[in-house]
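Comments concern the structure below.
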Amino acid sequence: PIPLPAEDEVVWHARLGDVVKCKDAFTSVCEGERVNGTGGAYFFRDRYFAAKVRQLPRGVRRVTLVYNVGHRSCQDPTQQDLAVVERQRGFSRAYASAAVAFLQGQGYDVSERVDMPPDDDLIYMCNAKALVLGGGGFSTLAAECLRYRDPAALILEASIDDVAAGAYDR
């Protein structure tokens, strides 16, 4: 059986892998950074994390970061080059380490679900009491599943307020 999130746990999805193009992606814009089909970001920087932390319920101290460093696009021809893929995995690991350090610096106990089967991650995310979305369709699918399963769940996603606060500035 797949373990489910605790009642007092925030599940935070990060879309990593092929979209992370530099080692400082958590704090800096990378050359060649891609946006998703709706023009939004696939992954978010430290300012987005700061904006979302301010929206978390008081008293919550546990965060589980869900991500996969090996995600590859079948539509991107560079993803056939294993050297490129390995470099992006390293960039994704650096991003995840920076994200964990940021959240720990905010006083959270952080655990990680790394490179698990996507179906298992989806089930985990759909059973959260609080979910912070990353970019891309997988987060959106998890949010829709969670809204259906538990209409009272807290779902934090990109918002116009985040834009006004500069959370997505490139």
Side-chain angles (χ1 to χ4, degrees), residues 1-20 23 25-27 36-38 40-74 79 85-159 162 167:
I2 299 166
L4 300 179
E7 293 284 322
D8 64 342
E9 175 182 344
V10 173
V11 177
W12 196 307
H13 181 242
R15 166 62 165 90
L16 302 180
D18 61 331
V19 296
V20 183
K23 66 180 170 66
F26 189 70
T27 56
N36 64 35
T38 61
Y42 272 115
F43 64 93
F44 302 112
R45 281 176 257 298
D46 55 347
R47 287 188 275 180
Y48 175 81
F49 274 66
K52 294 300 140 191
V53 161
R54 287 190 297 273
Q55 296 173 24
L56 293 178
R58 289 202 165 104
V60 172
R61 300 284 23 120
R62 296 174 55 185
V63 173
T64 298
L65 192 62
V66 178
Y67 63 94
N68 186 317
V69 299
H71 182 84
R72 292 167 47 182
S73 168
C74 58
Q79 294 304 298
V85 170
E86 281 307 308
R87 188 170 54 251
Q88 289 172 335
R89 285 181 181 172
F91 295 158
S92 291
R93 286 185 196 98
Y95 177 99
S97 292
V100 167
F102 176 87
L103 291 167
Q104 288 173 333
Q106 300 295 311
Y108 293 96
D109 296 323
V110 182
S111 59
E112 298 169 86
R113 282 184 58 90
V114 184
D115 299 341
M116 302 298 273
D119 291 352
D120 293 359
D121 282 344
L122 187 63
I123 291 168
Y124 191 83
M125 293 164 65
C126 291
N127 281 279
K129 291 295 181 194
L131 176 63
V132 180
L133 304 189
F138 192 73
S139 272
T140 302
L141 178 62
E144 290 305 313
C145 173
L146 181 54
R147 280 186 185 100
Y148 179 79
R149 193 194 65 71
D150 183 359
L154 175 65
I155 300 172
L156 299 178
E157 54 194 315
S159 72
D162 298 331

Output the distance between atom OH (Tyr108) and atom CZ (Arg61), rounded to the nearest 0.5 Å.
-> 5.0 Å
CE (Met125) and CG (Asp120) are apart, to the nearest 0.5 Å, by 12.5 Å
Looking at Asp121 and Met116, what are the two nearest heavy atoms and their distance?
-> OD1-CB, 3.4 Å
Looking at Ala96 and Glu112, what are the two nearest heavy atoms and their distance?
-> CB-OE1, 4.4 Å
For Lys129 and Asp150 the tightest heavy-atom approach is NZ-OD2, 3.3 Å
Minimum-distance pair of heavy atoms, taken over all atoms of Gly135 and Phe44 | N-CE1, 3.5 Å
Going by heavy atoms in the side chains, are Trp12 and Val53 under 4.5 Å from each other?
-> yes
Would a 4.5 Å heavy-atom cut-off, applied to side chains only, mark Leu154 and Val10 as touching?
-> no
Between Val20 and Ala25, the two heavy atoms sitting closest are CG1-CB, 3.7 Å
Quick one: list whatever passes side chain to side chain contact (heavy atoms under 4.5 Å, CB included) with Leu4, sequence neighbours left out.
-> Ile123, Asn127
What's the spacing between Leu131 CG and Arg147 CZ if we round to 0.5 Å?
-> 9.0 Å
side-chain contact (heavy atoms from CB on, under 4.5 Å) between Leu133 and His13: does it pass, once the steps are laid out?
-> CA-CA 5 Å; Leu133 304 189; His13 181 242; 5.9 Å; no
Look up atom NZ in Lys52 and atom CG in Leu103, then write down how far apart they are to the nearest 0.5 Å.
-> 13.5 Å
Selection residues 94-104 - residue pairs positive for side-chain hydrogen bond (donor to acceptor under 3.5 Å, both in side chains), sequence neighbours left out | none
Report the distance from atom CZ of Arg87 to atom NZ of Lys23, rounding to the nearest 0.5 Å.
-> 13.5 Å
Excluding sequence neighbours, so at least two apart, what forms salt bridge (charged side-chain N to carboxylate O under 4.0 Å, His left out) with Arg62?
-> Asp8, Glu9
Can you tell me how far the CZ atom of Phe26 sits from the CG atom of Asp46, to the nearest 0.5 Å?
-> 5.5 Å
Evaluate the side-chain proximity of Asp119 to Ile2: yes if any heavy-atom separation is below 4.5 Å, no if none is.
-> no
Could you pull out the closest heavy-atom pair between Val114 and Tyr67, with the gap in Å?
-> CG2-OH, 3.2 Å
